[in-house]
*Asks:* 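Please find one structure pasted underneath; my questions will follow.
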Protein chains: 4
Amino acid sequence: MNGHSFIEVRTIAQKKNNEKYEAILNAAVKVIGQAGYHNAPISKIAREAGVADGTVYLYFKNKEDILISILRETIGTIVDRIHDELKLEDGDAAESLKGLITIYFGIFGVNPDLAMFTQVHLRQSNAEMRKQIGDIIRPYYQIIDQIILKGIESGVFRESMDKRIARRMIFGTMDETVTAWILTGAKYSLASQVQPVYDVMVGGLRA
Amino acid sequence: MNGHSFIEVRTIAQKKNNEKYEAILNAAVKVIGQAGYHNAPISKIAREAGVADGTVYLYFKNKEDILISILRETIGTIVDRIHDELKLEDGDAAESLKGLITIYFGIFGVNPDLAMFTQVHLRQSNAEMRKQIGDIIRPYYQIIDQIILKGIESGVFRESMDKRIARRMIFGTMDETVTAWILTGAKYSLASQVQPVYDVMVGGLRA
Amino acid sequence: MNGHSFIEVRTIAQKKNNEKYEAILNAAVKVIGQAGYHNAPISKIAREAGVADGTVYLYFKNKEDILISILRETIGTIVDRIHDELKLEDGDAAESLKGLITIYFGIFGVNPDLAMFTQVHLRQSNAEMRKQIGDIIRPYYQIIDQIILKGIESGVFRESMDKRIARRMIFGTMDETVTAWILTGAKYSLASQVQPVYDVMVGGLRA
Amino acid sequence: MNGHSFIEVRTIAQKKNNEKYEAILNAAVKVIGQAGYHNAPISKIAREAGVADGTVYLYFKNKEDILISILRETIGTIVDRIHDELKLEDGDAAESLKGLITIYFGIFGVNPDLAMFTQVHLRQSNAEMRKQIGDIIRPYYQIIDQIILKGIESGVFRESMDKRIARRMIFGTMDETVTAWILTGAKYSLASQVQPVYDVMVGGLRA
DNA sequence: GATGAATGAGCGTTCATTCAT
DNA sequence: TATGAATGAACGCTCATTCAT
């Protein structure tokens, strides 16, 4: 699905009809995004995808696998696009950060269902899934870390701050902005938030 | 449970037996916090609380009511403590912000189950619950807004930034810090994060 | 409650506060009559009666006992009034029949809840209760039989007809009339139906 | 099931597998007929029908739908057979009446469970179901009305009587006869009651 | 591969009944 | 007597998953 996934382990049906695989995933994003994981019966996802209930199990091990797959594809897409569009190695750190926010808001801004899905389901209390999600999200965190490091090395970012906290601030602020955008009904453009969000991240609160 | 609740409408059993009410809430925090709302049967919560299944319904209208009640009590406690311990009106904005973080991390730092519960379940995809949660969390947001405003007026915080984004940054950063703390097993002290978090919030990334 | 009950076996609390006994029965007639036996919780009956749930069990063995008691009291009242107001032994058969209808419609006509209760709950599929109801209703049937017999002996009623069928016709017609009256909302006076019902019973369909 | 149902709206599973649909209905007639609606768990009906609990819900919306469906099929069958076997338009009114009784007793006479079911559950205290039952039973009432009218027009039945009361007498007498037959254990043949019942209906009590 | 009927474990909730006060 | 909090069995219904076709 995305270049990033060349190491992807698609347990079942990797060679199978990709159209149906995509259809089911898209249907799941929509149905789960709107109703929530536990209020989204497989039967409803299947109907939305235009396949039979049983067909879902030809492409996914179980319901949990659908959820994990969506997160993997989504984060994968984000990571891929960042690698593709941003020169992480040699570019300007500030520019990279703004690029990161732009891509992040760009992907969710055109797909509120996907945004909702991600906001709600990245937070999982089930221990086993938490581990899987951790693995999925790691490369994304690493990109943020990389940008921070580059910024520090190039002297644009402060050296004195806690780098992990900086990462959480970046991620948390973007996350919270997307959440607020959804909860208010996605009425304005997420893209319009890139600049003010970037500004607060970099400048902080201090006068 | 918290002074904030003097207007509290406990529809059922506002009776004397607060002990069982508390026991059920605590059990629910634990069970739901560990397994997730949809993997936490009432029967398990009841057993953990040491009561019969039916007893739960003497104190709560239904399962959803338990979830909402926990969030209300938790946010209520935070808001109460802030009002009690911080001089929001006349105090120093920077100090208020640090106090906010201290209280927030203090409450969750001693109760990882509650932290987990809140992190996961403040994000709800069910539309009706989202509305209720919105109402519950509003006073908390207002406190953050108040601190930001005070900071700007007193000249400690920048006037040029987007105030809503600033609020989301504050909330998102704390949230993300707590989440990370849980996911890594709550092995270090959350209190130790107050200063670095505050520092990043106020100073931002810029060198 | 009715003279007829001097042999009544009030299993519990026969010497107890009769006011509460009556209050519970009346409440049960109302609540069960409107909602049906299985949609009428004891708690609701108790509340309607102004007593605590547990109190109900001081006056009745269990919920079934309430139902049986109401039927017993109701049929008992009917039977008593017939014995009191009609000269079954020496009176005119036609007059007795009309008197029977008048009393029957009179009792239910002023109490639609009781009418509903009786119509629905005289029909019971539970085998054990069916037996008890049979015992309760027997004296009522015997009165009808007695009237028929007297009519035949005095030459006012046909000898050639099947006497049991005649009894069922009398009971079934009254029953059906009361049922129809309730189902249409008890908007007209049941008393107004005495004459036409009597007329059809006695005259039959034949021109 | 019956020709009458060509407009039947079988919301779920109008699928080919009528066998299971029928099996569940028959099982429900038996189990509910013997134990009563509220003492007949779906699990017991399913077991009797030889299917899993969940299967019931592939064929019926809910438990109430089973009850309504049975009544609809039963009354439908009666109405169909009357239309098929009786010349309502041009036949003799007396003959039509006897035919009606014959069919009615014929259907229930071979199926005491169904008779019990119908006797008990046509009387429903639940307001919403009462409306549905009213709709179901209407065509049956109309047939009786039609017979009465035809009788009056052809001069066989009295014009002076109340026609609605006459209908209730006919229905009530048949009903009561079936009820009595069941309550006494269905030991004699219902068919043997056709003539005496007809006789009492037409002749009335008068000598 | 694709289907969808069938399964049955599992859960939220109700409510008759009990019993300590 | 009277109370009403507490109990826990019972039931309607859902839905992830399987498998014969």
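Chain naming here is simple, since letters A, B, ... match the order of the sequence lines and numbering starts at 1 in each.
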*Asks:* Please list, chain by chain and in numerical order, all residues satisfying side-chain hydrogen bond (donor to acceptor under 3.5 Å, both in side chains) with B/Asp135, sequence neighbours excluded.
*Replies:* B/Lys131, B/Arg138

*Asks:* Taking CD1 from C/Ile66 and C1' from E/dC15, how many angstroms apart are they, rounded to a whole number?
*Replies:* 13 Å

*Asks:* Between F/dA2, E/dA5, E/dA16, which nucleotide gets closest to the side-chain atoms of C/Tyr59?
*Replies:*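 Taking heavy atoms from C-beta onward, the closest nucleotide is F/dA2.
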
*Asks:* With sequence neighbours excluded, what pairs up with A/Gln119 under the side chain to side chain contact (heavy atoms under 4.5 Å, CB included) test?
*Replies:*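 For A/Gln119 the side chain to side chain contact (heavy atoms under 4.5 Å, CB included) partners, ignoring immediate neighbours, are A/Tyr104, A/Asp175, A/Val178, A/Thr179, A/Ile182, B/Arg123.
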
*Asks:* Pick the nucleotide of DNA chain F nearest each of C/Gly50 and B/Val56; which residue has the one closer to the 5' end?
*Replies:* C/Gly50

*Asks:* In whole Å, I'd like the distance from the OH atom of B/Tyr21 to the P atom of F/dA6.
*Replies:* 15 Å

*Asks:* Taking for each residue the nucleotide of DNA chain E with the nearest heavy atom, is it B/Tyr37 or A/Val51 whose nucleotide lies nearer the 5' end?
*Replies:* A/Val51

*Asks:* Can you measure B/His38 atom NE2 to F/dA16 atom C1' for me and round it to whole angstrom units?
*Replies:* 15 Å

*Asks:* Could you check how far CG of C/Asn39 sits from C1' of F/dC11, rounded to whole Å?
*Replies:*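 Rounded to the whole Å, the gap is 14 Å.
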
*Asks:* Can you tell which of F/dG4, E/dT7, E/dA16 lies closest to the side chain of C/Pro41?
*Replies:* E/dA16

*Asks:* Separation of B/Leu58 atom CG from F/dG8 atom C1', in whole Å?
*Replies:* 12 Å

*Asks:* So what does B/Ala46 touch, heavy atoms closer than 4.0 Å: a base, only the sugar-phosphate, or nothing?
*Replies:*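 No contact at all - B/Ala46 keeps every heavy atom at 4.0 Å or more from the nucleic acid.
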
*Asks:* Would you mind reading off the distance between A/Arg47 atom CZ and E/dT3 atom C1', rounded to a whole angstrom?
*Replies:*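 Value for this atom pair: 15 Å.
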
*Asks:* Considering all heavy atoms of both residues, which atom of C/Asp53 and which atom of C/Ala46 are nearest to each other, and what is their separation?
*Replies:* OD1-CB, 3.6 Å

*Asks:* Return the stems involving DNA chain E, sorted by first number, where pairs are Watson-Crick (N1-N3 with N6-O4 or O6-N4) or G-U wobble (N1-O2 and O6-N3), both under 3.5 Å, and runs are 3 or more long.
*Replies:* E:2-21 with F:2-21

*Asks:* Can you find a side chain N or O atom of B/Lys20 that sits less than 4.0 Å from OP1 or OP2 on F/dA5?
*Replies:*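 For B/Lys20, the contact criterion (side-chain N or O under 4.0 Å from OP1 or OP2 of F/dA5) is not met.
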
*Asks:* For residues D/Leu67 and D/Phe117, determine if any side-chain heavy atom of one lies less than 4.5 Å from a side-chain heavy atom of the other.
*Replies:* yes

*Asks:* Check whether any side-chain heavy atom of C/Ile66 lies under 4.5 Å from a side-chain heavy atom of C/Val56, and answer yes or no.
*Replies:* yes

*Asks:* Could you give the NZ-to-P distance, from A/Lys44 to F/dT14, as a whole number of Å?
*Replies:* 13 Å

*Asks:* Which pairs, protein N/O on one side and nucleotides 17-20 of chain F N/O on the other, fall under 3.5 Å?
*Replies:*
unit_1 : atom_1 : unit_2  : atom_2 : d
F/dT17 : OP2    : A/Tyr57 : OH     : 3.0
F/dT17 : OP2    : A/Lys63 : N      : 3.0

*Asks:* Are any non-hydrogen side-chain atoms of D/Leu25 and D/Phe60 less than 4.5 angstrom apart?
*Replies:*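 D/Leu25 vs D/Phe60: side chains touch.
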
*Asks:* Taking the side chain as every heavy atom from C-beta outward, state whether A/Ile137 and A/Leu71 have any pair of such atoms under 4.5 Å apart.
*Replies:*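 No, every pair of side-chain atoms sits at 4.5 Å or beyond.
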
*Asks:* Going by side-chain hydrogen bond (donor to acceptor under 3.5 Å, both in side chains), name the residues that satisfy it together with C/Lys30, two or more places apart in sequence or in a different chain.
*Replies:*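 Result, side-chain hydrogen bond (donor to acceptor under 3.5 Å, both in side chains) vs C/Lys30: C/Glu48.
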
*Asks:* What's the CG-P distance between B/Asp65 and E/dT14, to the nearest Å?
*Replies:*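 Distance check: B/Asp65 CG to E/dT14 P gives 12 Å.
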
*Asks:* Test of understanding: with side-chain hydrogen bond (donor to acceptor under 3.5 Å, both in side chains), list the residues that count as partners of D/Asp113, not counting sequence neighbours.
*Replies:*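 Expected list: D/Gln34.
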
